[in-house]
Amino acid sequence: MGMLKDPSVKYKKFTPIDLPNREWPSKTLDKPPRWLSTDLRDGNQSLPDPMSIAEKKEYFHKLVEVGFKEIEVSFPSASQIDYDFTRWVVENAPSDVSVQVLSPCRAELIQRTVESVKGAKKATIHIYLATSDCFRNTIFGATKEESIELAKKSTALVRKLTKDDPTASTTCWDFEFSPEAFSDTDPDYAIKICEAVKKEWEPTVEKPIIFNLPATVEMSTPNVYADQIEYFSKNISQRDTVCISLHPHNDRGCAVAAAELAQLGGADRVEGCLFGNGERTGNVDLVTLALNLYTQGIHPNLDFSDITSIVDIVERCNKIPVHPRAPYGGQLVVCAFSGSHQDAIKKGFNLHQKKLKLEKEPKWIIPYLPIDPADIGRTYEAIIRVNSQSGKGGPAWIILRQLELDLPRGLQISFSKIIQAETEVKGRELKTEEIIELFRKEYFLDESDDYHTFKLIDYSISNSSKGVRTIDISISVNGKNFELKGSGNGPISAFADAVSENFDFKLNVINYHEHSLGLNSSAKAATYIECNLTTGKKESTRWGVGIHEDVTQASFLSLISILNGGLREGLITI
Ligand SMILES: CC(=O)SCCNC(=O)CCNC(=O)[C@H](O)C(C)(C)COP(=O)(O)OP(=O)(O)OC[C@H]1O[C@@H](n2cnc3c(N)ncnc32)[C@H](O)[C@@H]1OP(=O)(O)O
Ligand SMILES: CC(C)C(=O)C(=O)O
């Protein structure tokens, strides 16, 4: 069948509400909302493979650990499993966590639902009733007035069984009403039914009623939902006795935007799921909402310092993977493959490290990284990964992070060619350990019993005349020992002179860099030397790397590293 040439014959454009004096566009988010997790209800009811009791318990503990104080744990009248789990929660929930349970406006189901939370320290009875024309007419065939009457009757029943029941007075009761499909409901009718419910419940400023205004199916652009919420917030009476809650689904992929804009419209609370699990395309992703606040300098009152453990439990219990590109928690979101991104991130971290020496907590201003991965328990190592799209910055970053070697630009370029060739041979990303192994092998950093390599055995340096140093070196190669003499304006030039005088190739130093490694007594020196290596008519440029406690010996090891490179490539023959 395929797409219609003119979809307007089948799909009606959503009619936005008329809100000429909307204020939300000029507001900003300055504080976190109240949060409700519905992972165990909306999230669970939509799973191909619903959570087991054990998984629900584990998940509940994680939600409490993260800091949720309002958790919708079940639809107790749905099954004995849901009912029994609710009883477990009642017995195990911390006293400051409100246990929320959901019921449709059906008397027998409301009774069962209230029964399920008897004895709870804090409990919220959440009832819902579809109010959009589509739902009301299609499902119930009820008039608007009939729906209002059903909502009033259901509220009165909840009240009778909870805050008005003296035998239930040990529980701190809250009440939530959802005009289901609010985002597709006539705004004035939504207010009318909620006014009727509020009149039945009689909330106070101290104990506000929760009106949860769901985008049960996301029908429009996020700004429209913001308008709907602002309109409701401005027109519901006794606003200070009302908590406006959001429950956006993600059918158009705009749930996060809708939730953020609707908070600007006046909402006080957000219902959603971790990493956006839930019916169809999911509920709004609470991780993204919370960390979006965090990266604006506003603590969300939820703790995602160990986001990896949260990803693990969400994936394991839902049996649905977190998308690799899910904001903040996705496996690929704190890593860069492309060379320019890697270069920018590496430079950003270098700058940040310098600022850390001057101030305790410098502002986080790193290209391409909106959040410090360490803040959410992610390692830097994962930030930069290397494939054929990477340039010199990626491998250099990994060498820096893993070996503390801060390669000079020329050596980065030289080593990146080795890496590029390897990524093309392998046709995939190179693992960190593969890059380290390639680096150590390329620059002979490991003691090798390979007979066909130069080894430094010993050396002594003396001052022969003003500014001239002489050196006696013992080196071995191909199992033979050589005693060499050389002189120069320093140890390195004297070493190069000794080698050049005694073998049929010349070493000419053109670049030198060094830095310390480690701290205090365990400190070592890392040296990086680039030389022109001339043998007969052949000339090549090579880098060498040397690490040793003594900076002079480190330099000599760099030169040895160059000689071994020349030997391996057949530039030098002994
Ligand atoms: C937007 C949401 O996610 S709301 C939460 C939805 N979650 C669930 O439904 C999960 C748990 N549900 C259940 O276990 C069952 O549906 C029960 C226990 C609620 C009802 O079971 P049953 O009586 O067998 O009804 P069944 O599951 O066949 O659903 C059909 C009934 O649902 C009612 N229904 C359909 N849509 C809705 C709705 N949006 N709101 C309220 N009731 C609805 C229908 O009116 C119908 O009632 P009827 O049988 O009296 O005509
Ligand atoms: C029960 C209600 C709040 C719901 O889940 C929805 O409208 O999506």
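We count ligands from 1, going down the list as the structure has it; atoms in each ligand are counted the same way. Nothing here was measured: the structure is a model prediction, and the numbers come from that model.
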(request) Mark the output for L129 as yes if a heavy-atom distance to ligand 1 is under 4.0 Å, and as no if none is. (result) no

(request) State the atoms of ligand 1, each with its element, that fall below the 4.0 Å cut-off from a heavy-atom position in A78. (result) 11 (C), 14 (O)

(request) State whether the number of non-hydrogen atoms from other residues, nucleotides or ligands found under 6.0 Å of K160 atom NZ is greater than 12. (result) no

(request) Tell me, yes or no, whether the heavy-atom count around R428 atom CZ, taken from other residues, nucleotides or ligands under 6.0 Å, exceeds 12. (result) yes

(message) Could you tell me, atom by atom, which parts of ligand 1 come under 4.0 Å of a heavy atom of L102?
(response) 5 (C)

(request) Can you pull out the closest protein heavy atom to atom 9 (O) of ligand 1? Residue, atom name and distance to 0.1 Å, please. (result) F75 CE1, 4.1 Å

(message) What protein heavy atom lies closest to atom 18 (C) of ligand 1? Include the residue and the distance to one decimal.
(response) S77 O, 3.9 Å

(request) Tell me which part of R41 gets within contact of ligand 1: side chain, backbone, both or neither, using heavy atoms under 4.0 Å. (result) side chain

(message) For T171 and K118: C-alpha separation, side-chain torsions, deciding distance, then whether side chain to side chain contact (heavy atoms under 4.5 Å, CB included) applies.
(response) CA-CA 8 Å; T171 299; K118 276 274 172 138; over 6 Å; no

(message) Can you list everything that forms a ring pair (Phe, Tyr, Trp, His ring centres under 6.0 Å) with F175? Sequence neighbours excluded, please.
(response) W201

(request) Look at atom 23 (O) of ligand 1 and say whether a protein heavy atom is found at less than 4.0 angstrom from it. (result) yes

(message) Just checking I81: does its CD1 atom have more than 12 heavy atoms from other residues, nucleotides or ligands closer to it than 6.0 angstrom?
(response) no

(request) Would you please name every residue forming a ring pair (Phe, Tyr, Trp, His ring centres under 6.0 Å) with H352, sequence neighbours left out? (result) W364

(message) For a quick test of reading the model, state the closest non-hydrogen atom pair linking P32 to N301 and the distance between them.
(response) CG-ND2, 3.3 Å

One pair per line, please: each N/O atom of ligand 2 matched with every protein N/O atom under 3.5 Å away, atom names first, then the distance to 0.1 Å.
unit_1, atom_1, unit_2, atom_2, d
ligand 2, 5 (O), R41, NH1, 3.4
ligand 2, 5 (O), R41, NH2, 2.9
ligand 2, 5 (O), D42, OD2, 3.2
ligand 2, 5 (O), H247, NE2, 3.2
ligand 2, 7 (O), T216, OG1, 2.5
ligand 2, 8 (O), H247, NE2, 3.2
ligand 2, 8 (O), H249, NE2, 3.0

(request) Hey, can you tell me if F349 and W397 have their rings parallel, tilted or perpendicular (30° and 60° cut-offs)? (result) tilted

(message) I'd like to check atom 20 (C) of ligand 1 in this structure: does the protein have a heavy atom lying under 4.0 Å from it?
(response) yes

(request) Determine whether the side chains of N212 and S178 contain a donor N or O and an acceptor N or O closer than 3.5 Å. (result) yes

(request) With E108 as reference, evaluate R112, Q111, R106 under the side chain to side chain donor-acceptor pair (under 3.5 Å) test and give the passing residue. (result) R106

(message) Could you work out, with ring pair (Phe, Tyr, Trp, His ring centres under 6.0 Å) as the rule, every residue matching H299, not counting sequence neighbours?
(response) none

(request) Look at atom 51 (O) of ligand 1 and say whether a protein heavy atom is found at less than 4.0 angstrom from it. (result) no

(request) Any atoms of ligand 1 less than 4.0 Å from a non-hydrogen atom of R106? List them with their elements. (result) 20 (C), 23 (O), 47 (O)

(request) Would you mind checking which non-hydrogen protein atom is closest to atom 34 (N) of ligand 1, with the distance to 0.1 Å? (result) I139 CG2, 3.9 Å

(message) Give the atom numbers and elements of ligand 1 that come within less than 4.0 Å of a heavy atom of E180.
(response) 1 (C), 38 (C), 39 (N), 40 (N)

(request) Determine, counting only non-hydrogen atoms of the protein, whether one lies under 4.0 angstrom from atom 1 (C) of ligand 1. (result) yes

(message) Within the 3.5 Å criterion, strictly below it, is a donor on S237 or E195 matched to an acceptor on the partner's side chain?
(response) yes

(message) If only side-chain N and O atoms count, and only distance matters, is there a donor-acceptor pair under 3.5 Å linking N92 with H61?
(response) no

(request) Ignoring hydrogens, tell whether any protein atom lies closer than 4.0 Å to atom 41 (C) of ligand 1; use the non-hydrogen atoms only. (result) yes

(message) Looking at atom 26 (P) of ligand 1, tell me if a protein heavy atom falls under 4.0 Å from it.
(response) no

(request) Answer yes if a protein heavy atom lies under 4.0 Å from atom 30 (C) of ligand 1, otherwise answer no. (result) no

(request) Record the part of D42 in heavy-atom contact with ligand 1 below 4.0 Å; permitted values are side chain, backbone, both and neither. (result) neither

(request) Answer yes or no: is there a donor N or O on one side and an acceptor on the other, between the side chain of Q296 and the main chain of L29, under 3.5 Å? (result) no

(message) Could you walk me through whether S233 and R239 satisfy the side-chain hydrogen bond (donor to acceptor under 3.5 Å, both in side chains) test, starting with their C-alpha distance in whole Å, then the side-chain angles of each, then the deciding distance to 0.1 Å, before giving a yes or no?
(response) CA-CA 7 Å; S233 181; R239 175 67 179 86; 2.9 Å; yes

(request) For atom 3 (O) of ligand 1, state which one of H126, E279, Q45, E108 supplies the nearest heavy atom. (result) Q45

(request) Using a distance threshold of 4.0 Å (strictly less than), state whether atom 7 (N) of ligand 1 has a protein heavy-atom neighbour. (result) yes

